[in-house]
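Here's the structure, in structure tokens; my notes come after.
The figures here come from the full heavy-atom set of this structure, side chains too, leaving out hydrogens, waters and symmetry mates. Reminder, nothing fancy here: chain letters follow the sequence lines and each chain counts from 1.
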Amino acid sequence: MSDPAFKSEFLKTLQARGYIHQITHPEELDEAAAAGTIAAYIGFDATAPSLHVGSLIQIMMLRRLQQAGHKPIVLMGGGTTKVGDPTGKDEARKLLSEADIQANIASIKTVFAKFLAFGDGPTDAVMVDNDEWLSKFGYVQFLRDYGVHFTINRMLAFDSVKLRLEREQPMTFLEFNYMLMQSVDFLELNRTRNCVLQMGGSDQWGNILNGVELIRRVDQKPAFGLTTPLLSTASGQKMGKTMSGAVWLNADMRSPYDYWQFWRNTEDADVGRFLRLFTDLPLEEIARLEALEGAGINEAKKVLANEATRMLHGAEEAARAAAAAQAAFEQGGLSADLPTHEIPAGDLEAGVQLADLMVAAGLAGSKGEARRLAQGGGLRVNDKAEADANRVVTTGDVADGVVKLAAGKKKIVLVRPT
RNA sequence: GGGGGAAUGUCCCGAGUGGCAAAGGGGGCGGACUGUAAAUCCGCUGCUGUAAUGGCUUCGUAGGUUCGAGUCCUACUUCCCCCA
């Protein structure tokens with residue numbers, strides 16, 4: 001993609017920090033963003049009770065938008081989730097019940113307030129749910145109003161459809177309609193809220209393009225689309241799924257400590273990129289951190305972990321996570337802020353099989369796994385390797401009020417008798 | 001409606017002759033090396049249990065044949081392809 005020198009603060013920032021993959025009408029959009037306040041939206045589907053770091057780049061982009069003096073619109077996909085986005089999938093995802101979707105939305109909502117300022121002002125963020133309008137259409141009315149603007153010929157050419165067909169995987173008519181719904185969302189937001197820009201991940205390009213064209217065709221009004229690059233780590237892993245599963249943003253699904261660890265374990269080659277995308281640090285500062293070599297780059301990773309955790313969970317939680325990590329990894333000591341598992345003191349007096357304790361503490365999925373861990377040398381009790389998972393843990397193992405269990409070098413749980 | 005094909009280890013892909021806890025890969029986990037990195041190398045990867053042989057539950061669903069079935073038979077479910 002060409003590299004035009006943008007005039008608007010917003011696009012300049014996105015460009016400099018690496019958010020831009022494709023833009024539909026770069027110059028026009030730049031003009032609009034430079035001339036005054038614009039409104040832009042990103043849609044989030046409610047397929048899980050929390051968003052994960054895979055969505056973080058989108059959230060951060062809304063933050064940049066607001067920082068540049070524009071209005072972010074968070075679109076919750078209450079309506080579209082009922083249909084399910086086929087993009088990038090080989091199979092239709094199982095349909096969620098309406099109750100599940102509503103519960104997911106309620107749970108997801110809270111995260112946005114950490115990144116955006118909501119309110120009624122001209123550049124305050126707002127949240128809307130597309131179920132509001134999508135559920136109101138009658139089938140025939142929807143077909144007549146919008147169906148006429150989409151040709152099957154063109155829809156078949158979009159990757160989301162084409163790839164599925166090429167791989168000879170079935171695509172239901174329900175899924176086929178998803179891109180129409182998303183296009184109508186954009187049109188609706190354009191009409192009711194004067195929203196001129198839809199942003200999203202690069203996999204959304206086709207869906208976004210359809211909305212842009214719908215607005216331009218039906219209302220003869222300007223509309224733009226912008227996508228972010230697909231985020232993967234330097235070694236090619238998909239971003240967001242790691243060691244212990246998805247990196248959720250909700251604190252009750254992924255603790256601040258684990259969140260901090262996630263960023264701390266960033267690959268060397270990704271540090272600069274992630275700092276630009278996921279922190280508010282000035283670019284000069286990032287350039288300095290990124291230039292650190294060898295083990296020195298660990299400093300940059302700590303900064304990244306601190307900043308990212310602070311933004312999501314607050315300064316206090318970030319500091320505690322950092323302190324716990326320092327105690328555990330750099331001093332080999334204990335910290336009360338490490339993940340803790342409580343068990344009745346009586347159980348420990350009676351003695352608990354180590355394998356059972358590992359499972360209870362969440363360090364092993366089954367006793368068999370605990371055994372294998374032990375045999376592989378990855379199980380440690382109070383920092384001492386323990387090859388026998390059948391060993392009984394008793395009060396004699398308590399030191400400083402806890403028993404320190406570790407699975408591998410990074411997963412630590414303090415067992416605290418109560 | 002007719003004809004042909006497919007569903008495999010609760011992450012994915014994928015081999016499978018009647019003796020299979022089931023090849024191989026990806027992913028994941030652990031170890032070594034390092035810097036809580038990457039790359040590389042080694043080990044593990046159904047549950048349960050032992051000092052150890054073991055026990056139990058898995059191959060779309062339900063039955064059947066057999067000493068023994070992922071593998072053969074019957075019905076059913078879902079999906080794909082071709083014809084109408």
Inset, instruction - Provide, to the nearest angstrom, the distance between the CG atom belonging to A:Leu363 and the C1' atom belonging to B:C29. - result: 12 Å
Inset, instruction - Give none if B:C44 has no partner; otherwise give the nucleotide forming a Watson-Crick or G-U wobble pair with it, both distances under 3.5 Å. - result: B:G28
Inset, instruction - Could you tell me whether the phosphate oxygens of B:C29, OP1 or OP2, come under 4.0 Å of any side-chain nitrogen or oxygen in A:Lys410? - result: no
Inset, instruction - Could you please name the partner base of B:C72, counting Watson-Crick and G-U wobble pairs only when both distances are under 3.5 Å? - result: B:G64
Inset, instruction - Give none if B:A6 has no partner; otherwise give the nucleotide forming a Watson-Crick or G-U wobble pair with it, both distances under 3.5 Å. - result: B:U78
Inset, instruction - Considering only atom P, compute the distance from B:C67 to B:G54 and round it to an integer number of Å. - result: 25 Å
Legend entry - Between B:G43 (P) and A:Arg371 (CZ): distance, integer Å: 23 Å
Legend entry - Span that lies between the C1' atom of B:G49 and that of B:G63, in whole angstrom: 34 Å
Inset, instruction - Verify the distance criterion only: is there a donor paired with an acceptor across the side chains of A:Asn250 and A:Ser107 at less than 3.5 Å? - result: yes
Legend entry - Pairwise C1' distance, B:G9 and B:G26 [rounded to whole Å]: 15 Å
Inset, instruction - Considering only atom C1', compute the distance from B:G70 to B:C59 and round it to an integer number of Å. - result: 5 Å
Inset, instruction - Provide the Watson-Crick or G-U wobble partner of B:G1, both distances under 3.5 Å; none if there is no partner. - result: B:C83
Legend entry - Check: B:G49 base within 3.5 Å donor-acceptor of A:Asn390 side chain: no
Inset, instruction - Could you check which of B:A37, B:U36, B:U34 has an atom nearest any side-chain atom of A:Ala325? - result: B:U36
Legend entry - Same-atom distance (P) from B:U74 to B:C80, integer angstrom: 24 Å
Legend entry - Anti or syn - B:C73, cut at 90° from 0: anti
Legend entry - Under 3.5 Å on both distances, the Watson-Crick or G-U partner of B:G35: none
Legend entry - Nearest listed nucleotide, side chain of A:Lys409, among B:G35, B:U36, B:G31: B:G31
Inset, instruction - Look at all strands and tell whether A:Gly296 reaches a base, only sugar-phosphate, or nothing, counting heavy atoms closer than 4.0 Å. - result: nothing
Inset, instruction - Have a look at A:Arg372 and say if it touches a base, only the backbone sugar-phosphate, or nothing, with a 4.0 Å heavy-atom cut-off. - result: sugar-phosphate
Inset, instruction - Report the base-pairing partner of B:G49 (Watson-Crick or G-U wobble, both distances below 3.5 angstrom), or none. - result: none
Legend entry - Nearest-angstrom distance from the residue atom CD of A:Glu267 to P of B:G35: 18 Å
Inset, instruction - Report yes or no: is there a donor-acceptor pair, N or O only, under 3.5 Å between the side chain of A:Glu369 and the base of B:U45? - result: no
Legend entry - d(CG, A:Asn298; P, B:A38) in whole Å: 11 Å
Inset, instruction - Tell me yes or no: between the side chains of A:Thr80 and A:Gln182, is some donor less than 3.5 Å from an acceptor? - result: no
Inset, instruction - With P as the reference atom in both, quote the distance from B:A15 to B:U8 in angstrom, rounded to an integer. - result: 11 Å
Legend entry - Atom-to-atom span, CZ of A:Phe274 to C1' of B:A38 - whole angstrom: 13 Å
Legend entry - RNA chain B: 5'-proximal contact among A:Ala295 and A:Asp356 (nearest heavy atom): A:Ala295
Inset, instruction - Classify the nucleic acid contact of A:Lys367 as base, sugar-phosphate or nothing, counting any heavy atom under 4.0 Å across all strands shown. - result: sugar-phosphate
Legend entry - Euclidean distance for P, B:U71 against B:A62 (whole angstrom): 13 Å
Legend entry - Six-ring centre of A:Phe278, A:Arg273 cation under 6.0 angstrom, axis tolerance 45°: no
Inset, instruction - Using a strict 4.0 Å threshold on nitrogen-to-oxygen distance, state whether A:Arg288 and A:Glu285 make a salt bridge. - result: yes
Legend entry - Between C1' of B:G31 and CG of A:Leu373, the distance in whole Å: 11 Å
Legend entry - Distance test, side-chain N/O of A:Lys302 to OP1/OP2 of B:A37, below 4.0 Å: no
Legend entry - Residues A:Asp100, A:Lys82: salt bridge by 4.0 Å N-O rule: no
Legend entry - Identity of whatever pairs with B:A15 - Watson-Crick or G-U, under 3.5 angstrom: none
Legend entry - Separation between the P atoms of B:U36 and B:C41, rounded to whole Å: 23 Å
Legend entry - Side-chain H-bond candidate by donor/acceptor type, A:Gln204 with A:Gln198, under 3.5 Å: no
Inset, instruction - Under a 3.5 Å limit for both distances, which nucleotide forms a Watson-Crick or G-U wobble pair with B:C20, could you say? - result: none
Legend entry - Side chain to side chain, A:Leu405 and A:His341, heavy atoms closer than 4.5 Å: no
Legend entry - A:Glu299 CD to B:A37 P, straight-line distance once rounded to whole Å: 15 Å
Legend entry - Presence of A:Ser366 side-chain N/O under 4.0 Å of B:C47 phosphate oxygens OP1/OP2: yes
Legend entry - For atom CG of A:Asn265 and atom P of B:C29, their distance in whole Å: 11 Å
Inset, instruction - Would you indicate what A:Leu379 reaches in the nucleic acid, counting non-hydrogen atoms under 4.0 angstrom: base, sugar-phosphate, or nothing? - result: nothing
Inset, instruction - Return the 5'-most residue of the pair A:Ile297, A:Gln353 with respect to RNA chain B, ranking by each residue's nearest nucleotide. - result: A:Ile297
Legend entry - A:Arg154 bridged to A:Glu213 by N-O distance under 4.0 Å: yes
